[in-house]
Amino acid sequence: MAKIVVEVMLKPEILDPQGKAVAAALPRLGFTFATSVRQGKRFEIEVVGDPTTEQLAEVSRAAETLLANPVIETFVVKVEK
Amino acid sequence: MALDTVAIAAQTPDQEQPFAALGLKPDEYQRIREILGRRPSSSELAMYSVMWSEHCSYKSSKVHLKQFGEKAPHSDALLVGIGENAGVVDVGQGYAVTFKIESHNHPSFVEPYQGAATGVGGIVRDILTMGARPIAVMDPLRFGPADAPDTRRVLPGIVAGIGGYGNCLGLPNIGGEIVFDETYAGNPLVNALCVGVMRHDQIKLAKASGAGNLVVLFGAQTGGDGIGGVSVLASETFGSTGPAKRPSVQVGDPFTEKVLIECSLEIFAEDLVVGIQDLGGAGLSCATSELASGGSGGMRVELDTVPLRDPSLSPEEILMSESQERMCAIVEPGKIARFLEICKKWDVTVNVIGEVTDGDRLIITWHGETIVDVPPRTVAHEGPVYNRPLAKPEYVDRVNAQVLDLPMPQSAHEVKAAIIKLISSPNMADKSWVTSQYDKYVQGNTIQSQPEDSGMIRIDESTHLGVAISTDANASWSYLNPYEGAKLALAEAARNIATAGAKPLAVTNCLNFGSPEDPGVMWQFAETVRGLADGCLEMGLPVTGGNVSFYNQTGDVAILPTPVIGVLGVIQDVRSRTPMSFTDAGLELYLIGETTNDLAGSEWAYMHNQRGGQSPIADLQREIRLIELLLEGQSIFAAAHDLSQGGLAVSIAEMVLHNNIGATISLDQEIGIVLLSETPGRVVVAISPDHAGELISLARKYDLAITKLGTTGGTSLTVNDAVIPLDELRTAYTQTIPKLFG
């Protein structure tokens, strides 16, 4: 069954204290690969059958209203099998 | 975009510049050209535009605010006055206390959580900058109608933001106010107060002196936060359809701020800085120009050494960025090694970005090229000053002439209904839903906090010396008469300190108004400042600093004039403080002060949609006598509670509910007036019957009216024949706010 996925990230110019904390913790644990870390959130939404274009548009509206704070965050809506 | 240097600016005088989009008026732009003798470079334009914005330059308010200096009462307690980051007051035993209140109104409307959070962060850094350890915060808030959709959007976010940031810093939130009124719909007011404590010899100032001393930037890295926030966000009216511009907002990181506080305090303790300034509105533009202007004037900064979170930022953006949790210090070269060591210990990013020079110009370079070359005083302290036209608005005489027509309770049933109705209204109802989201007791020195009359903090654990602070505003009175409204707010805040037994010492203020370009609003502002300055002079309380927030309006509709007045007082032994409520039955309750028909601007009138009539006239001599009585009689009071919004009805209800001990009172004047009138200068006290004679002779000594109301005890509030069980009263009082926002 397909899932609608909404991924929310802070806008690039917005400070991300959580990502910063992760980036600072990585080298302390021996992981030295990261120059920067930004943390976001992911919503997995199940609907009956395959998502329709209308449903995706509705999810976008819901993302704008509830799942993301469009003043400081961006989001993408996609379908995953 | 190609780099615009000073040399290029000199060669291309005719190049068009976007000064209007940056909020500068044509004549202001012309003045910059005259000061520099050429067109400004784009970096210079960025600096002037943020620093000459209303928010930073106080260009519309300056001509009025100078009254706080001209009419300043003599005070031995004032160690640092207006003009620095915050005023400093001597509270004895070698301690100095600094406190200030600031607005973060517009950012909190755009992004409630982060706007309110960074408001707390900003005022805490102002206090830290003076050399003090921040010890408590308070937040007076104003919202649109409690049931309006926009209030539901902004209130929970604002409350969570204040709580989130303050709790992470480990600072107790000890008070404030929450008021709902239509005029704040779309214009919520988020005022943030911080108080800090230090020893006298630890006071730090914002000045860069001593050629060769280093300019050091420490704290968070610089990103693209709130670029232009100051000039664009804080100084332009929102259109009626919503914000016209939505620049990126700043996100606060309280854990970085906490580390910055501890790091700074260690640096101060080792006396490693000559001058210090926090980076708030206008970021580096403000910090560098104010530090240079506060010293001899010369400073050189290599802007490319500023550590960046986003390497693509242009120099103009770096100068304007409002990234939070940053500080700028002036350090002697001999002390820099130790300074860097302490920053390293705290894991605080630190960079030397320039040095103080013996010239009189602030020069900023970008990879070797000069992009700013200005006299810093013209940026920071000698910006434009406007004597804006002011005119008494037509509404004033009209509403003052209105005669109130209010239902006045008479029968027992009506009295009960009126009390229940009043204490369940959003403005009067219990605010625990909000204040329980704040940590009130962290650090263990909180003596009292909301819903007491004032917040009180112990500052010395061995001598029990403490300070008390209250913030108050009565915008309904200010609407009817801004001159008296300001004096009455001052009197109320001072009284709220004195009921606990603290002696009022100094004043801060946050003046929230509509657009200064509206002559009516400007008149309200001028009258408010005149009233506050006259009031402070009469009460002997110096204004130590404050903040002006203009442009709080949607379209043509301005908020009610809202001068929030904070008064700080000192109490020698916090263990002796008087609480707002009694813990015993069998005490006698007295009303000190006379009650007259003062329903204009009252909560009862507001609940009946009546805004007219004349505000009370402040009698500050009587207020001073009342404060003296409260201080002299402190040892006999089991409880003392101020009467303000909601009058005796609300105050007595708050007292009986606080410790769940009822009271029986009998009122023989016209009962509706006695219960609901908001005549200023009144306090309810509870005393043991043995002290009655002493109280009555105190009232005689201070020439104040005194009325015995009744006695404490029982499980109901009984007013003449009206009996209200405490359970019923409590339900009415506590249900409203959780129902609206829970």
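Labels below follow one simple rule: chain letters A, B, ... track the order of the sequence lines, proteins then strands, and each chain is numbered from 1. Everything quoted here is computed from the prediction, not taken from an experiment. Note: hydrogens, waters and symmetry copies are ignored here, and every other heavy atom, side chains too, is used.
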Practice problem: Please report the shortest heavy-atom distance between B/Gln114 and A/Ile72, naming the atom on each side. | Solution: CG-CD1, 4.4 Å

Quiz item: How far apart are the closest heavy atoms of B/Gly252 and A/Pro17, and which atoms are they?
Solution: O-CG, 3.9 Å

Practice problem: Measure across A/Glu13 and B/Arg309 and return the closest heavy-atom pair with its distance rounded to 0.1 Å. | Solution: O-NH2, 2.8 Å

Practice problem: For atom CD of A/Gln18, decide whether the heavy atoms of other residues, nucleotides or ligands shown that lie under 6.0 angstrom number more than 12. | Solution: no

Quiz prompt | Heavy-atom closest pair, residues B/Asp253 and A/Leu15 | solution = CB-CD2, 3.9 Å

Quiz prompt | Interchain contact, A/Asn69 with chain B, by part (heavy-atom threshold 4.5 Å) | solution = side chain

Quiz item: For A/Arg42, which residues count as a side-chain contact (heavy atoms from CB on, under 4.5 Å) partner, sequence neighbours excluded?
Solution: A/Val5, A/Glu7, A/Glu44, A/Glu80

Quiz item: Which bit of B/Ser323 comes within less than 4.5 Å of chain A, counting heavy atoms only: side chain, backbone, both or neither?
Solution: neither

Quiz item: Is it the backbone or the side chain of A/Lys20 that comes under 4.5 Å from a heavy atom of chain B, or both, or neither?
Solution: side chain

